[in-house]
Amino acid sequence: MIRPDAHPLAWLDERAAARTAAGLRRRLRPRPPAGADPPIDLAGNDYLGLAADPRVVAGGIEALRVWGAGATGSRLVTGSTTLHRDLETELAGFCGFADALVFSSGYTANLGVVTALTGPGALIVSDAAAHASLVDACRLSRARVVVVPHADPAAVAAALAARTEERALVVTDTVGSADGDLAPLRALHRACREHHAVLLADEAHGLGVRGPGGRGLLAETGLAGQDDVVATVTLSKALGSQGGAVLGPPAVIAHLVDAARSFIFDTGLAPAPAGSALAALRVLAAEPERAGEVLRVAGVLAAAAGAPVPVSAVVPVVLGEPGPAVAAAAACLARGVHVGCFRPPSVPPGTSRLRLTARAGLSAAELDRAGSVLAEVLDGVRAGSPR
């Protein structure tokens, strides 16, 4: 029943109180500027250490000088520049695809490609652990959606075999954002090819880390450039900038220009992040050893935290309930090490965790310090209270 004296937003206070009681309240914590003696960063996604690289910063500055601060419009009006096209061409070539289309973020890239390739009369088979952007894209698509267990190609094949729809799309992350595990891409592609479906793989956490020279897990598994494979990438993780892109056959890219609403009706990616992303891509192409360094650092962090040997930049340390995870993250930060803390709904109930992310360029001293802090704090957690 509606209470006549109740404020229409009073329910927000109730939700906030419930989240606080459950240890799920979130707060923004601005990080200090460069040079302000920040903590060792094991929480961000700057896997290659390029966000502050002078060459990458210079790429953004030059784009500002040439093109100005904003894109000034959607890509179809005034928001496309030769810089955007250069980025698309080099990104597609680097990852092994025929063409690419840059969006304002990885989130909008996933929204655009999923909705444009499906719709009423299509089937989407989605991995249960797919990123929120893929989940939201499925919800917006108006297609029939079947959610299958994580990393289960047999379940994908069964869903495809039982379909009545003419068109089908299988969506997955190549590298799990919370677990850091690798998708069984070859088996998923076999299921897609057998049942005439398209495989859409999100390389947000694969680009720059997996594959030859950091070209992604699709390149590593020989699937990049296949005519029934489409990829999405973000420019905000390994490339240290902002934005996203869809990679695939020219017919797919042309269709997105005509039909992807998050491309058509969104202001184009600003010049500065486009310039920085292109500069970062060129650094990665010239310094392919950076990808291997990320995995080496991840192994060091995992050993210090008592976690399994990682296969990506993401090192999960599962602690169970939100309380211990939040306390452990706070204890690490108090000792000068910033770690990620994932709680529901980001991860399933009972699997709250520290999420450590490796970064190329961490010094030996920083790794030693981070390892000592992790071992000390996690020993305390496992004994009953963070020390």
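Bear in mind the structure is a predicted one, so any value in this text is a computation, not a measurement.
The side chain to side chain donor-acceptor pair (under 3.5 Å) test applied to Arg290 returns Glu287, not counting sequence neighbours. For the salt bridge (charged side-chain N to carboxylate O under 4.0 Å, His left out) test, residues two or more places apart in sequence or in another chain that qualify with Arg139 are Asp136. Annotation: ring-ring contact (aromatic ring centres under 6.0 Å, His included) contacts of Phe97 (sequence neighbours excluded): none.
Listed here is the closest heavy atom pair of Ala329 and Cys341: CB-CB, 3.9 Å. What you find for Ala224 and Cys95 is that their closest heavy atoms are CB-O, 3.3 Å. Of all heavy-atom pairs spanning Ser312 and Ala298, the tightest one is O-CB, 3.4 Å. Heavy-atom minimum distance, Tyr47 versus Ala358: CD2-O, 3.5 Å. Here the shortest heavy-atom pairing between Glu88 and Ala100 reads O-CB, 3.5 Å. Across Ala159 and Val146, no two heavy atoms sit closer than the pair CB-CG1, 4.0 Å.
Taken together through direct or relayed side-chain contacts under 4.5 Å among Ile, Leu, Val, Met, Phe, Trp and Tyr, Leu101 and Leu169 form part of one hydrophobic cluster. In the hydrophobic cluster analysis, where Ile, Leu, Val, Met, Phe, Trp and Tyr join through side-chain heavy atoms closer than 4.5 angstrom, Leu284 is grouped together with Leu235. Cluster annotation: Phe263 is connected to Val171 through the hydrophobic network of ILVMFWY side chains, with a link wherever side-chain heavy atoms come within less than 4.5 Å. Grouping the Ile, Leu, Val, Met, Phe, Trp and Tyr side chains by contacts below 4.5 angstrom, directly or via other members, places Phe103 with Leu117. Taking hydrophobic clusters as Ile, Leu, Val, Met, Phe, Trp and Tyr residues chained together by side-chain heavy-atom distances below 4.5 Å, Leu83 shares a cluster with Phe94.
Annotation: side chain of Ser346 is in contact with side chain of Arg26 (closest heavy-atom distance under 4.5 Å). Between Val229 and Val198, every side-chain heavy-atom pair lies at or beyond the 4.5 Å cut-off. With a 4.5 Å cut-off on side-chain heavy atoms, Val175 and Leu182 count as touching. Looking only at side-chain heavy atoms (C-beta outward), Ile124 and Val114 come within less than 4.5 Å of each other. Counting heavy atoms from C-beta outward, Asp202 and Thr234 have side chains that stay 4.5 Å or more apart. Contact of the Val230 side chain with the Leu199 side chain is not registered, since no non-hydrogen atoms from C-beta on lie closer than 4.5 Å. Using a 4.5 Å cut-off on side-chain heavy atoms (C-beta onward), Pro39 and Leu333 make contact. The closest side-chain heavy-atom distance from Arg369 to Glu366 is not below 4.5 Å.
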Residue pair Val252, His255: steps toward the side chain to side chain contact (heavy atoms under 4.5 Å, CB included) verdict: CA-CA 5 Å; Val252 169; His255 176 67; 5.7 Å; no
Residues Glu203, Thr232; criterion side chain to side chain contact (heavy atoms under 4.5 Å, CB included); working and verdict: CA-CA 6 Å; Glu203 286 270 36; Thr232 54; over 6 Å; no
Side chain to side chain contact (heavy atoms under 4.5 Å, CB included) for Leu319 and Val381? Distances and angles first, verdict last. CA-CA 8 Å; Leu319 298 175; Val381 169; 4.0 Å; yes
List the steps, then state whether side chain to side chain donor-acceptor pair (under 3.5 Å) holds for Arg355 with Thr357. CA-CA 7 Å; Arg355 177 185 179 268; Thr357 49; 4.8 Å; no
Derivation and outcome, side chain to side chain contact (heavy atoms under 4.5 Å, CB included), residues Arg353 and Val347: CA-CA 9 Å; Arg353 67 195 64 188; Val347 293; 3.7 Å; yes
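With hydrogens and angles ignored, the 3.5 Å screen pairs no side-chain donor or acceptor of Ser141 with any backbone N or O of Thr115. Of the possible polar contacts, one joining the Asp127 side chain to the Ala129 backbone as a donor-acceptor pair under 3.5 Å is found. No donor-acceptor pair under 3.5 Å is formed between the side chain of Glu90 and the backbone N or O of Leu281. Using modelled atom types, no side-chain atom of Asp173 and backbone atom of Ala183 make a donor-acceptor pair closer than 3.5 Å. Listed for the Asp179 side chain is no donor-acceptor partner under 3.5 Å among the backbone atoms of Asp181. No donor-acceptor distance shorter than 3.5 angstrom exists from the side chain of His84 to the backbone of Ala274, with no hydrogens or angles considered. The closest donor-acceptor contact from the side chain of Ser80 to the backbone of Arg75 lies under 3.5 Å. Panel note: side chain Arg167, backbone Thr118; a donor-acceptor pair is recorded below 3.5 Å. In this structure a side-chain-to-backbone donor-acceptor pair under 3.5 Å is present from Ser276 to Val56. Judged by distance alone, the side chain of Arg210 and the main-chain N or O of Leu218 form no donor-acceptor pair under 3.5 Å.
Using modelled atom types, one finds a donor on one side chain and an acceptor on the other under 3.5 Å when comparing Thr72 with Thr78. In summary, the side chains of His196 and Asp228 do not present any donor paired with an acceptor at a separation below 3.5 Å, with no hydrogens or angles considered. Glu321 and Ser352 share no side-chain donor-acceptor pair at under 3.5 Å. No hydrogens or angles considered: nothing links the side chains of His131 and Tyr107 as a donor-acceptor pair under 3.5 Å. There is no side-chain donor-acceptor pair under 3.5 Å between Thr221 and Arg186.
Here the rule is side-chain contact (heavy atoms from CB on, under 4.5 Å) with Leu91, and of Leu278, Leu247, Asp99 only Leu247 fits it. Exactly one residue among Leu301, Leu354, Val377, Val373 makes a side-chain contact (heavy atoms from CB on, under 4.5 Å) with Val339. That residue is Leu354.
From Ile40, atom CD1 reaches atom CG of Leu42 across 7.0 Å, with rounding to the nearest 0.5 Å. Here the straight-line distance linking atom OG of Ser133 with atom CG of Asn110 works out to 4.0 Å at 0.5 Å rounding. How far CD1 of Ile253 is from CG of Asp258: 12.0 Å, rounded to the nearest 0.5 Å. Note: Leu160 CG to Leu123 CG = 6.5 Å, rounded to the nearest 0.5 Å. How far CG of Leu134 is from OG of Ser126: 6.5 Å, rounded to the nearest 0.5 Å. In this structure, His338 NE2 and Leu356 CG are separated by 11.5 Å, a value rounded to the nearest 0.5 Å.
Applying the 6.0 Å contact sphere to CD of Glu289 captures more than 12 heavy atoms from other residues, nucleotides or ligands. More than 12 heavy-atom neighbours from other residues, nucleotides or ligands sit within 6.0 angstrom of CZ on Arg55. At most 12 non-hydrogen atoms from other residues, nucleotides or ligands lie less than 6.0 angstrom from CZ of Arg65. Surrounding CZ of Arg142 are at most 12 heavy atoms belonging to other residues, nucleotides or ligands under 6.0 Å away.
A salt bridge is absent between Asp53 and Arg282: the closest approach of a Lys/Arg side-chain nitrogen to an acidic carboxylate oxygen does not fall below 4.0 angstrom. Under the 4.0 Å criterion applied to side-chain N and carboxylate O atoms, Arg144 and Glu165 are assigned as salt-bridge partners.
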